[in-house]
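Quantities reported herein were computed from a predicted structural model and do not represent experimental measurements. Note that these values count all heavy atoms, side chains included, but never hydrogens, waters or copies made by symmetry.
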Amino acid sequence: GEKFQDLDCPLEDPEPVEPGTEERDSKFARTPPAINRPCNTMDIGFRNMANCPLHGYFVKSNQTSCQEKFELHLGMNRAPGDFMWGWDSATKFQGSFVGHTFAFRSAADPSILVDQVTLKPTRVVDC
């Protein structure tokens with residue numbers, strides 16, 4: 001994300017809402033964390049350093065196809081009232097697992113891939 005400093009960003013980053021309601025458009029809704037999550041679930045923090053609104057997608061791939069599913073939006077507000085659920089928040093946490101991949105695309109132009117992150121195990125070595 002930090003290497004993309006020259007993205008063409010819109011001045012506004014409006015939250016998409018369903019027509020005629022105040023509810024967030026279901027295509028951009030976050031899934032609340034499960035109550036009884038598997039014990040190997042990690043809460044991973046993502047921070048927008050691109051200075052442009054980004055959409056984060058879970059990448060599901062196998063040998064024959066690759067699909068992306070919207071997971072989170074990273075806004076540009078570094079000190080929002082609600083960092084976890086606020087649309088404008090530059091920080092979001094996501095429950096995930098080792099091996100999962102996330103693609104971050106420009107919210108203004110999803111054809112622009114800003115970064116891709118694959119979660120890997122942390123290696124802890126003895127001093």
Side-chain angles (χ1 to χ4, degrees):
E2 290 180 326
K3 59 187 170 196
F4 285 88
Q5 299 295 324
D6 298 325
L7 290 174
D8 186 21
C9 301
L11 295 176
E12 300 289 322
D13 181 28
E15 181 172 358
V17 294
E18 295 282 354
T21 73
E22 295 296 318
E23 298 295 317
R24 185 175 294 164
D25 185 331
S26 60
K27 293 184 297 244
F28 298 100
R30 293 199 68 196
T31 305
I35 302 292
N36 297 314
R37 302 186 313 169
C39 63
N40 57 341
T41 303
M42 300 181 297
D43 290 314
I44 303 298
F46 293 108
R47 179 99 166 154
N48 184 350
M49 301 300 289
N51 295 319
C52 256
L54 302 175
H55 289 329
Y57 299 88
F58 171 69
V59 179
K60 183 178 182 180
S61 60
N62 57 37
Q63 279 121 5
T64 59
S65 70
C66 181
Q67 298 175 340
E68 294 181 359
K69 177 184 173 275
F70 178 86
E71 288 293 333
L72 53 96
H73 174 82
L74 294 171
M76 297 185 298
N77 187 348
R78 305 232 184 258
D82 182 355
F83 73 90
M84 183 70 170
W85 301 103
W87 182 258
D88 65 339
S89 175
T91 303
K92 296 286 185 344
F93 286 85
Q94 181 71 29
S96 195
F97 303 93
V98 169
H100 282 181
T101 298
F102 292 88
F104 294 90
R105 297 183 174 278
S106 165
D109 182 358
S111 70
I112 299 173
L113 177 65
V114 176
D115 206 351
Q116 188 165 312
V117 177
T118 299
L119 304 180
K120 297 180 181 176
T122 300
R123 189 168 175 229
V124 180
V125 294
D126 191 8
C127 296

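In this structure, E15 CD and D25 CG are separated by 10.0 Å, a value rounded to the nearest 0.5 Å. Here the OG-CD distance, from S61 to E68, works out to 10.0 Å after rounding to the nearest 0.5 Å. Remark: R105 CZ to H55 NE2 distance equals 11.0 Å, nearest 0.5 Å.
A donor-acceptor pair is defined here as one N or O able to donate and one able to accept, closer than 3.5 Å; such a pair exists between the side chain of N48 and the backbone of G75. In this structure, H73 contributes its side chain and L54 its backbone to a donor-acceptor pair below 3.5 Å. In this structure, the side chain of R30 engages the main chain of M84 through a donor-acceptor pair within 3.5 Å.
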Derivation of the side chain to side chain contact (heavy atoms under 4.5 Å, CB included) call for L119 and Q94: CA-CA 12 Å; L119 304 180; Q94 181 71 29; over 6 Å; no

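Between F70 and W87, the ring planes are parallel. Angles under 30° get that label, and only those over 60° would be called perpendicular.
The shortest distance between side-chain heavy atoms of F102 and V59 does not fall below 4.5 Å. Taking the side chain as every heavy atom from C-beta outward, M49 and D115 never approach each other to under 4.5 Å. For the pair E71/K92, no side-chain contact is recorded, criterion being any heavy-atom separation below 4.5 Å from C-beta on. Using a 4.5 Å heavy-atom cutoff, the side chains of N40 and F97 are in contact.
Nearest approach of N62 to T64, heavy atoms of both residues: OD1-N, 2.8 Å. Closest non-hydrogen pair, S106 versus V114, comes out as N-CG2, 3.9 Å. Heavy-atom minimum distance, V98 versus P121: CG1-CD, 3.6 Å. Closest approach of G95 to R37, counting heavy atoms only: CA-NH1, 4.0 Å. Between P53 and M76, the shortest heavy-atom distance links the atoms CD-SD, 3.7 Å.
Shown are F93, F46, F28, Y57; of these, the side-chain contact (heavy atoms from CB on, under 4.5 Å) with L72 is made only by F46.
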